[in-house]
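Written below as structure tokens is the structure these notes are about.
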Amino acid sequence: MVSGGTSDSLGAPLVLGIESSCDETGVALVRGRELLVDAVASSMDEHARYGGIIPEVASRAHLEAMIPTIQRALGEADVDLSQIDAIAVTAGPGLVGPLTIGASAAKALSIGLNKPLYGVNHVIGHAAVDELVHGEFPERVMALVVSGGHSSLLLVDDIATDVTELGSTLDDAAGEAFDKVGRLLGLPYPGGPHVDRLAREGDPTAIRFPRGLTARKDQEKHAYDFSFSGLKTAVARWVEARVDSGLEVPLNDVAASFAEAVADVLTAKTIAACQRHGVETLVVGGGFSANSQLRDMAAKRCAEAGIDLRIPPIRYCTDNGAMIAALGSAVVRAGVAPSGLDIPVDSSMPLTTVTV
């Protein structure tokens with residue numbers, strides 16, 4: 001298992017993490033910063049026929065997968081339920097139905113085992129999981145969390161208690177924009193990985209697509225915010241004009257130029273935030289951090305700026321139980337009070353809220 005080391009794990013509480021914010025049912029066990037097991041059951045194939053996530057379908061899939069996934073995680077780690085010290089569960093943001101399934105399972109376990117329950121923030125979990133891979137965070141880090149539903153820039157002074165949201169998407173998230181562009185290019189769902197694949201074969205300078213919220217007039221109010229809706233529209237108009245002219249659409253070049261524009265904005269704003277706030281470590285997480293253009297550009301620009309870049313392996317960037325168990329473990333170690341059994345789920349949970 002991937003682990004940030006075991007020096008702080010001896011005697012640390014054993015935390016069970018449950019993730020169910022979208023279409024993955026994730027269950028993991030973490031002791032300190034050591035990951036013991038991470039089990040995931042995905043319902044993505046069930047949504048492919050619809051071209052997107054159907055909340056009711058996802059909820060039913062979570063309901064069917066929850067107990068088997070918990071049992072699989074316990075079996076692989078050779079751990080009995082009685083050995084668990086605390087339970088962490090995604091309380092938001094996410095889809096209400098899927099969140100409710102996970103929260104209900106976690107509450108039942110908390111009652112049955114008489115163990116403390118912690119409702120934690122999904123987005124912050126995407127940053128916290130890096131501690132399982134690269135070890136304890138330094139005193140201050142910047143976290144760029146990019147996925148199908150989120151593009152957020154977080155200043156982290158303490159992953160368990162002190163997170164400041166510097167910026168977020170005002171419309172489409174990066175991953176969402178990739179899926180929509182994939183759809184207009186006629187690619188299978190989810191479009192993001194297919195756009196990424198085509199982009200690697202194209203010329204990123206072939207088409208100059210716009211960079212949202214980078215004009216001078218936007219810098220004061222939206223210095224660290226993101227907007228990809230205009231970019232998506234620009235791609236659609238370019239493709240439509242090409243088709244109307246009877247010309248072939250160069251899919252590789254369109255994908256590469258689009259991906260370049262997204263990566264350019266994400267990395268430029270993030271590096272600027274690091275420099276302004278005196279941050280020397282950048283953590284990138286979320287499903288979209290699997291994007292090759294983003295990884296390459298982040299590595300290049302961080303090296304030029306003298307910033308240490310930390311990106312977990314791809315399997316820990318997509319939704320998983322490890323990220324929730326990691327954040328739960330950090331919260332327990334920090335001595336944060338447990339959540340009540342009446343904790344709600346919140347589809348728009350603010351990113352300044354680590355636990356509820």
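The figures that follow rest on heavy atoms only: side chains count, while hydrogens, waters and symmetry mates do not.
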So how far is it from [X] [atom1] to [Y] [atom2], rounded to the nearest 0.5 Å?
X: Leu16; Y: Leu81; atom1: CG; atom2: CG; answer: 7.5 Å
X: Ser42; Y: Asp23; atom1: OG; atom2: CG; answer: 5.0 Å
X: Thr90; Y: Ile101; atom1: OG1; atom2: CD1; answer: 13.5 Å
X: Phe137; Y: Asp158; atom1: CZ; atom2: CG; answer: 10.5 Å
X: His150; Y: Glu176; atom1: NE2; atom2: CD; answer: 10.5 Å
X: Met297; Y: Cys302; atom1: CE; atom2: SG; answer: 12.0 Å

Using modelled atom types only, decide if a donor and an acceptor are shared between the side chain of [X] and the backbone of [Y] within a distance under 3.5 Å.
X: Lys300; Y: Arg295; result: no
X: Lys115; Y: Leu109; result: no
X: Asp179; Y: Gly192; result: yes
X: Gln219; Y: Arg216; result: no
X: Arg242; Y: Glu248; result: yes
X: Arg310; Y: Val283; result: no
X: Ser289; Y: Gly286; result: yes
X: Arg211; Y: Phe209; result: yes
X: Lys180; Y: Asp172; result: no
X: Asp157; Y: Arg140; result: no

Should the heavy atoms of other residues, nucleotides or ligands under 6.0 Å from [atom1] of [X] be counted, would the total exceed 12?
X: Asp78; atom1: CG; value: no
X: Glu280; atom1: CD; value: no
X: Glu304; atom1: CD; value: yes

**Message:** Can you tell whether the side chains of Glu56 and Arg60 come within less than 4.0 Å, N to carboxylate O?
**Reply:**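 The answer is no: the pair does not qualify as a salt bridge.
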Inset, instruction - Using a strict cut-off of less than 4.0 Å between a Lys/Arg side-chain nitrogen and an Asp/Glu carboxylate oxygen, indicate whether Asp171 and Lys232 qualify as a salt bridge. - result: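 So Asp171 does not pair with Lys232 through a salt bridge.
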Report the C-alpha separation of Ser110 and Leu341 in whole Å, then their side-chain angles, then the decisive distance to 0.1 Å, and conclude whether the side-chain contact (heavy atoms from CB on, under 4.5 Å) test is met.
CA-CA 8 Å; Ser110 176; Leu341 288 173; 3.7 Å; yes
Any [X] side-chain heavy atom under 4.5 Å of [Y] side chain:
X: His122; Y: Asp319; value: yes
X: Ile324; Y: Ile18; value: no
X: Glu260; Y: Thr205; value: no
X: Thr169; Y: Asp225; value: no
X: Asn320; Y: Glu24; value: no
X: Tyr316; Y: Asp38; value: yes
X: Val356; Y: Asp346; value: no
X: Leu155; Y: Met142; value: yes

Please name the pair of heavy atoms, one in [X] and one in [Y], separated by the smallest distance, quoted to 0.1 Å.
X: Ala12; Y: Asp85; answer: O-OD2, 4.4 Å
X: Val129; Y: Pro312; answer: CG1-CG, 4.2 Å
X: Ala28; Y: Leu35; answer: CB-CD1, 4.2 Å
X: Ala73; Y: Leu29; answer: O-CD1, 4.2 Å
X: Gly149; Y: Ala173; answer: C-CB, 3.5 Å
X: Leu184; Y: Ala236; answer: CD2-CB, 3.9 Å

Once you measure the plane-to-plane angle for Phe228 and Phe226, does it fall in the parallel (<30°), tilted (30-60°) or perpendicular (>60°) bin?
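The rings of Phe228 and Phe226 lie parallel, inter-plane angle below 30°.
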TODO: Indicate the ring-plane relationship of His277 and Tyr224, choosing parallel, tilted or perpendicular according to the 30° and 60° boundaries.
DONE: tilted
Tell me whether [Y] is reachable from [X] by hopping between hydrophobic residues (I, L, V, M, F, W, Y) whose side-chain heavy atoms are closer than 4.5 Å.
X: Val120; Y: Leu351; answer: yes
X: Ile70; Y: Ile111; answer: yes
X: Val284; Y: Ile159; answer: no
X: Val146; Y: Leu213; answer: no
X: Met323; Y: Val40; answer: no

Any luck finding a side-chain donor-acceptor pair between [X] and [Y] under 3.5 Å?
X: Arg333; Y: Ser329; value: yes
X: Thr25; Y: His62; value: yes
X: Ser292; Y: Asp196; value: yes
X: Gln71; Y: Thr69; value: no
X: His222; Y: Asp218; value: no

Of Val141, Thr281, Val279, the one forming a side-chain contact (heavy atoms from CB on, under 4.5 Å) with Asp308 is Thr281
- Task: Kindly determine whether Leu154 and Thr164 satisfy side-chain contact (heavy atoms from CB on, under 4.5 Å), including the steps that lead there.
- Result: CA-CA 6 Å; Leu154 309 174; Thr164 303; over 6 Å; no
Practice task
Start with the C-alpha gap between Leu231 and Val265, add the side-chain angles, then the distance that decides, and say whether side-chain contact (heavy atoms from CB on, under 4.5 Å) holds.
Solution key: CA-CA 11 Å; Leu231 170 60; Val265 171; over 6 Å; no
